[in-house]
Amino acid sequence: MISRYFIEISRSLLTDNLHGITQSVQRLGVEDLWWRPNEESNSIGNLILHISGSLGQWINTGIGGAPDHRIRQQEFDERSMVSKEELISKLNATVQTADTILSQIDPAKLLGKIEVQGKETTCMFAIYHMVEHFSTHAGQIVLITKLRTGEDLRLS
């Protein structure tokens with residue numbers, strides 16, 4: 001029972017954060033999506049590529065068994081001003097695949113071992129880590145959007 005609840009809460013948090021990211025991105029032009037205060041900071045575009053890559057690697061590959069084609073550094077090096085439509089489409093597809101995998105996982109397998117980034121972990125840790133990671137970067141995206149627009153995003 002508790003393990004099914006953990007899965008459902010994880011799915012809900014990913015969906016809620018995706019909504020906040022989508023609402024933020026819709027308020028911005030492409031220049032704002034790729035704005036960065038300095039070269040040591042990430043733009044919203046880079047953050048979206050990064051969380052899509054991370055979620056895909058940890059959930060879709062680690063738990064779901066999809067092939068791993070991720071090249072992490074490219075997520076941060078991208079400077080071509082990918083459109084907001086393309087960014088959101090990529091993120092939506094990744095979240096939808098992860099949601100399907102999570103909806104189908106047998107709760108008895110949560111403590112089962114998987115390998116991600118060359119390290120052994122459990123399915124439960126992978127899910128928890130990705131919800132936390134996704135939420136952290138969603139918060140950064142919302143903050144950057146508020147800084148760029150000066151608006152209350154009314155995300156509740």
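For the atom pair OG of Ser54 and CD of Gln117, the computed distance is 7.0 Å after rounding to the nearest 0.5 Å. Separating the NE2 atom in His133 from the NE2 atom in His50 is a distance of 3.0 Å, to the nearest 0.5 Å. Separation of atoms CD1 (Ile21) and CG (Leu155) is listed at 10.5 Å; rounding is to 0.5 Å. Atom CG of Asp77 and atom CZ of Arg72 lie 10.5 Å apart (nearest 0.5 Å). Distance check, rounded to the nearest 0.5 Å: CG of Leu91 to CG of Leu47 gives 11.0 Å. From Gln140, atom CD reaches atom OG1 of Thr145 across 11.5 Å, with rounding to the nearest 0.5 Å.
Two different hydrophobic clusters hold Leu153 and Leu147 under the rule that ILVMFWY side chains link at heavy-atom gaps under 4.5 Å. Hydrophobic clustering (ILVMFWY, side-chain heavy atoms < 4.5 Å, transitive): Leu14 and Val142 are in distinct clusters. Phe125 and Tyr5 fall within a single hydrophobic cluster, where Ile, Leu, Val, Met, Phe, Trp and Tyr side chains are chained together by heavy-atom contacts under 4.5 Å. Put simply, Leu55 and Phe6 are part of the same group of oily side chains (I, L, V, M, F, W, Y) that touch within less than 4.5 Å, one to the next.
Remark: Gln96 CD is loosely packed, at most 12 non-hydrogen atoms of other residues, nucleotides or ligands lying under 6.0 Å away. The 12-atom threshold is exceeded at CZ of Phe76, counting heavy atoms of other residues, nucleotides or ligands nearer than 6.0 Å.
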Exercise for the section: Report the C-alpha separation of Ile114 and Thr122 in whole Å, then their side-chain angles, then the decisive distance to 0.1 Å, and conclude whether the side chain to side chain contact (heavy atoms under 4.5 Å, CB included) test is met. Expected result: CA-CA 6 Å; Ile114 59 170; Thr122 64; over 6 Å; no
Handout entry: Worked verdict on Ile144 versus Asp32 for side chain to side chain contact (heavy atoms under 4.5 Å, CB included)
Key = CA-CA 9 Å; Ile144 294 169; Asp32 288 321; over 6 Å; no
Practice task
Please step through side chain to side chain contact (heavy atoms under 4.5 Å, CB included) for the pair Trp34 and Leu87, ending with a clear verdict.
Solution key: CA-CA 11 Å; Trp34 292 97; Leu87 289 169; 4.1 Å; yes
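Nearest heavy atoms, Ser41 versus Arg36: O-NH1, 2.5 Å. Minimum heavy-atom separation, Val30 to Val82: CG2-O, 3.9 Å. Between Arg4 and Ser103, the closest heavy-atom pair is NH1-O, 4.0 Å. In terms of heavy atoms, Lys84 sits closest to Leu33 at CB-CD1, 3.2 Å. The two atoms that bring Ala126 and Ile59 nearest to each other are O-CD1, 4.0 Å, heavy atoms only. The shortest heavy-atom contact between Gly56 and Thr94 is N-CG2, 3.7 Å.
Applying the salt bridge (charged side-chain N to carboxylate O under 4.0 Å, His left out) rule to pairs touching residues 85-96 yields nothing, sequence neighbours excluded.
Annotation: cation-pi geometry satisfied between Arg148 and Trp35 (NZ/CZ under 6.0 angstrom from ring centroid, within 45° of ring axis).
When only modelled atom types and interatomic distance are considered, Ser135 and Asn17 share a side-chain donor-acceptor pair under 3.5 Å.
A donor-acceptor pair under 3.5 Å links the side-chain atoms of Asn46 to the main chain of Glu75, judged by distance alone. Here the side chain of Asp99 pairs no donor or acceptor atom with the backbone of Val95 at under 3.5 angstrom. A donor-acceptor pair under 3.5 Å is absent between the side-chain atoms of Ser12 and the main chain of Glu8, judged by distance alone. In this structure, the side chain of Arg27 does not engage the main chain of Thr149 through any donor-acceptor pair within 3.5 Å. Of the possible donor and acceptor atoms, one in the side chain of Thr61 sits under 3.5 Å from a partner among the backbone N and O of Ala66. Judged purely by atom type and a 3.5 angstrom limit, Glu78 uses its side chain to pair as donor or acceptor with the backbone of Ser80. With hydrogens and angles disregarded, no donor-acceptor distance shorter than 3.5 Å links the side chain of Asp68 to the backbone of Gln57. Counting only distance, with no hydrogens or angles, the side chain of Ser52 and the backbone of Ile48 share no donor-acceptor pair below 3.5 Å.
At least one side-chain heavy atom of Ile7 sits under 4.5 Å from a side-chain heavy atom of Ile105.
Ring geometry for Trp58 against His129 counts as tilted: the plane angle lies between 30° and 60°, on a 0 to 90° scale.
The only option from Leu110, Val116, Ile127 that meets the side chain to side chain contact (heavy atoms under 4.5 Å, CB included) definition with Ile63 turns out to be Ile127.
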